[in-house]
Amino acid sequence: MPEAAATPPASLDFIREMIAADLAAGRNGGQVVTRFPPEPNGYLHIGHAKSICLNFGLAQEHAPNARCHLRFDDTNPTKEEVEYVDSIMADVKWLGFDWGEHLFYASDYFEKLYGFAEQLITKGLAYVDDQTHEEMRASRGTLTSPGTRSAGADRSVEENLDLFRRMRKGEFKEGEKVLRAKIDMASPNMNLRDPALYRILHAHHHRTGDAWCIYPMYDYAHPLSDALESITHSLCTLEFEHHRPLYEWLIANVDGLPGAPYQREFARLNLTYTVMSKRKLLRLVKDDLVNGWDDPRMPTISGMRRRGITAAAIRSFCKTIGLTKFNSLTEIALLEHSIREDLNKISHRAYGVLRPIKVVITNYPEDQVEFFDAPNHPEDAAAGTRQVPLCREIYIESDDFMEFPSDGFHRLKPGGEVRLKFAFCIICQEIIKDDAGNIVELRCTYDETTRHGKKPEGRTKPKGIIHWVSARHALDATVRLYDRLFTVETPDADAGEDGDFAKFLNPASCEVVTNAKLEPSLKEAAPGSHWQFERVAYFYADPMDSKPGAPVFNRTVTLKDGWVKK
RNA sequence: UGCCUCAUGGUGUAAUGGUAACACAGCAGAUUCUGAAUCUGUUAUUCAAGGUUCGAAUCCUUGUGAGGCAACCA
C-alpha cells in the first residue's frame, strides 16, 4: 500500500471534514465508498491522478470500512475505445492503487437504468420529446430568460411509455426523439430545464455491442450508477457544480435505489507550462505534435512514467497540492520538487558527459588503466560501490571548462585546477583549437598526491569537482533531454478564445543527444531503471527504446542548479 | 445583464471568532569529493469598503475580480 496516500494530511480538507462529520453522525453505517469514474475516451493525466489519490486514498484511510470503485463511465459509444479502458487500468495500478473486486462499467447498468427511466415516465416525471436539436435549444431559453415547455411534455404516461419502448426497439432515427426529465423550464439552473435523459445513438458500443440504440446521458447515468453501487461520496470537479441539483433530483425521485450518495466538487488541477484538457491532449497526439500519449513531455500518467517520474513522486505531489474549491494554477516547480525528492532517494549515481570535450592528461602513462571506487549512493552505503576506469584520455562536460571564466566560476579554466571526482586533481595547461578556433582538446597534468580526496600539498583545496568519463571505456549513448512542452505558463489562456495553443509549443522540448559519453557500467542499465548522472540530472532508461547493452536515457528532471552566473 | 462557486506571501495550502502558519520558489550562510542533497537563517500574505463583536482571514452587507452554466459530451 502506498504510504503517501494511506495517511491523511495533517489538517483535514473540506471533503475529509465532511466525511468525518458523516462518520461522526453515524451515516452510511460507518462506510465510506468512493469511486473513480473515468470515461474511456483518452489517457489519464496528472489531473486524474489528483482524483485517483483522493478517491482511493480515502478508501485506504478509512479501511477496513471503505472501498473505492473503478467505474468506466461508458455512456457515449461514439467516443470510447477499449484501448483507453486498458490504459486507464494500467495507469491506476501503476499509481499504486487497487480496486480489487470493484471494477464496474456504467454499461453494466443499462438494463436497470432503462427500468428507472420507465419508472420516471410512469410517475409523470419524464417524457419523450420530438423537438429537433435546434428547436430544443431555442425553447430552452437563455441564461437570463426562461425557456418554454415543449408540446411533448403534455403527452400521457401511456403514450410516453410506448414511445420510449419504440425508441429502444430502434424505430426512430438519431435525433428524432429524446427522453427528457420534467423539471422546470424556468429554472435559473439550465441543467434543470428538462434535461435530456436518453438519446438515440445507432452506434456500436465497445462492451454492449449492438444491444442498445438508446444511451443514457451522463447526468442520468452517473447518480444512479453511484446509487446502484452504494457509493456514499461522489466526488467530482467544479464544473459539475450546477449538475448537483439534478443529481439530487434523480436520487430523490427514483425508487428502489440501494444507496443515497451525495456529490461534492473540488477544483481540478492546473499546472504551468502544460495543457490538461483531454481535447487538447488528443490534438497533440493526433496532429503528431508529440510522439503519442506516452511521449515523455506529456502530462499523461503514461508520459510521466516514461519520462521517469515515479508513482511515489506523483502521490506525494498530489498530497502537497491539497484540496479546495479554489481555481488554482500550480507551479510546475512543486511537481519537480516531489520528483527530485523521490529520485534522490532511489537513484544510483553514475557519470554521464552530455556534451563531451576531450582532455588529455599528458603526464599520465599512455597505456595505463586504473579503476576508482565510486559509491553508488552518497547517502546510502548499502547501495555499494562500483569501479570506474580511467586512462590518459577522458571526456569532461564542455560546460565545465571556460577559456574566459566569469566571476565565481570554479571549474576548469586555463592554468586552473579541478578535482576529477573520486580520482585526482588536474590542472589545465593548454587549449588545442581547430582552424575555426573551436576548442577540440584540453591538455592537462594530474597531481599524483591528490588521490582519494587528499588536499594538494601547500595549496588550497580546489572548489571545483567535476565528473568525467574515460575515453577508451566510454559508452556512446543516446540521451534525450526533455524540457517543458510549452514556452508560456498558461498556453490555453494565452491562446485566447479561438487561438491556437500549439504556437506556444517549445521547440527545444526534446533535444536528442546522440554522442553522450557514459561510464561503462551504464551499459548494463536495466530498462526502466532510474539514475542520477552526477551534477547533471536524473535519467530513466527508456523501457521501449533501450536494447540490451545499448540503453537510451530520458532526462526526467535536472538537478537544481544553485550557481548563478555573475 | 441572470444564476452558482471562489478569493490568505510569487505559487500551492493551514489557521473552524482569540499571536496569520507550513511547503515550494527566492535570497543569505554552514556543510559537502555532486554549485545536488542536508542544515540554519531570511524576504514576503488575509481583494476593497462598511457592519456585528472586547476581539474578524473567519460572521453579515455591498462592491470588485476570477471561474463555471444555455450538448441529444463527460
Side-chain angles (χ1 to χ4, degrees), chain A residues 9-14 17 37-39 41 73-76 78-80 129 131-133 136-138 140-147 174-180 187-191 193 195-201 214-215 217-219 221-222 236-245 265 267 269 272 278-279 320-338 340-341 344-345 349 351 374-375 378-379 408-411 419-423 425 450 452-454 461-467 532-538 558-564:
Chain A
S11 63
L12 264 35
D13 54 69
F14 74 106
E17 257 177 26
E39 183 190 15
N41 67 344
D73 229 321
D74 53 352
T75 56
N76 185 356
T78 65
K79 288 187 175 174
E80 297 150 9
D129 196 357
Q131 286 187 116
T132 64
H133 205 306
M136 217 184 276
R137 179 154 29 116
R140 186 161 18 236
T142 69
L143 292 175
T144 54
S145 61
E174 287 187 13
E176 226 172 88
K177 297 267 185 290
V178 64
L179 183 74
R180 290 230 250 174
S187 172
N189 182 344
M190 301 298 289
N191 293 114
R193 318 251 263 227
L197 265 26
Y198 268 90
R199 79 290 217 185
I200 297 170
L201 246 30
I214 57 171
Y215 291 92
M217 301 290 291
Y218 163 87
D219 277 323
H222 204 89
C236 60
T237 45
L238 247 28
E239 65 269 27
F240 293 103
E241 245 170 345
H242 328 264
H243 298 242
R244 189 149 113 194
E265 313 81 18
L269 171 69
T272 55
K278 271 189 188 170
R279 210 192 86 242
T320 306
I321 56 177
L323 193 71
T324 66
K325 301 185 78 161
F326 177 62
N327 205 293
S328 59
L329 176 64
T330 300
E331 286 179 348
I332 196 77
L334 210 49
L335 207 213
E336 290 176 349
H337 170 74
S338 295
R340 292 191 184 105
E341 193 177 42
N344 179 46
K345 279 187 300 195
R349 313 292 136 122
Y351 290 156
E379 290 153 21
F409 180 81
H410 50 242
R411 279 107 89 167
R419 168 169 293 285
L420 297 180
K421 194 170 185 194
F422 297 127
C425 295
T450 59
H452 310 302
K454 271 187 280 181
K461 200 171 165 181
K463 279 185 185 158
I465 299 158
I466 63 174
H467 58 283
Q532 186 201 95
F533 293 0
E534 293 212 41
R535 305 204 314 124
V536 180
Y538 290 99
T558 61
L559 252 32
K560 274 180 71 172
D561 188 358
W563 184 56
V564 268

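Numbered from 1 within each chain, the chains take letters A, B, ... in sequence-line order.
In this structure, A/M217 and A/F14 both approach RNA chain B, and ranking their closest nucleotides by distance from the 5' end singles out A/F14.
No N or O donor and acceptor, one from the side chain of A/H242 and one from the base of B/A70, sit under 3.5 Å apart. For A/E239 and B/G67, a side-chain-to-base donor-acceptor distance below 3.5 Å is absent, hydrogens and geometry of angles not being considered.
The strand RNA chain B forms stems, runs of 3 or more Watson-Crick or G-U wobble pairs with distances below 3.5 Å, at B:2-7 with B:64-69, B:10-13 with B:21-24, B:26-30 with B:38-42, B:47-51 with B:59-63.
B/A30 and B/A66 have their P atoms separated by 47 Å, with the value rounded to a whole Å. Nucleotides B/G29 and B/A21, compared at atom C1', are 24 Å apart to the nearest Å. Nucleotides B/C4 and B/C60 are separated by 15 Å at their P atoms, to the nearest Å.
Within the nucleic acid shown, A/Y198 has no heavy atom closer than 4.0 Å to any nucleic acid atom. The residue A/T330 sits close only to the backbone: its heavy atoms come under 4.0 Å of sugar-phosphate atoms, none of a base. A/L201 comes within 4.0 angstrom of no nucleic acid atom, judged by non-hydrogen atoms across all strands. Looking at heavy-atom distances under 4.0 Å, A/E176 makes no contact with the nucleic acid at all. The residue A/S187 sits apart from the nucleic acid: no heavy atom pair falls under 4.0 Å. Counting any heavy atom pair closer than 4.0 Å across all strands shown, A/H467 reaches no nucleic acid atom. Contact annotation for A/T75: backbone-only contact, meaning every heavy-atom pair under 4.0 Å involves sugar-phosphate atoms and none involves a base.
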Report task. Take nucleotides 29-47 of chain B nucleotide by nucleotide from the 5' end and write B, S or -, depending on whether a protein heavy atom sits under 4.0 Å from the base, only from the sugar-phosphate, or from neither. Result -> ----BBBBB----------
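Base orientation of B/A71: syn, the glycosidic angle falling within 90° of 0.
Relative ring orientation between A/H222 and A/Y218 is described as tilted, the plane-to-plane angle lying within the 30° to 60° band.
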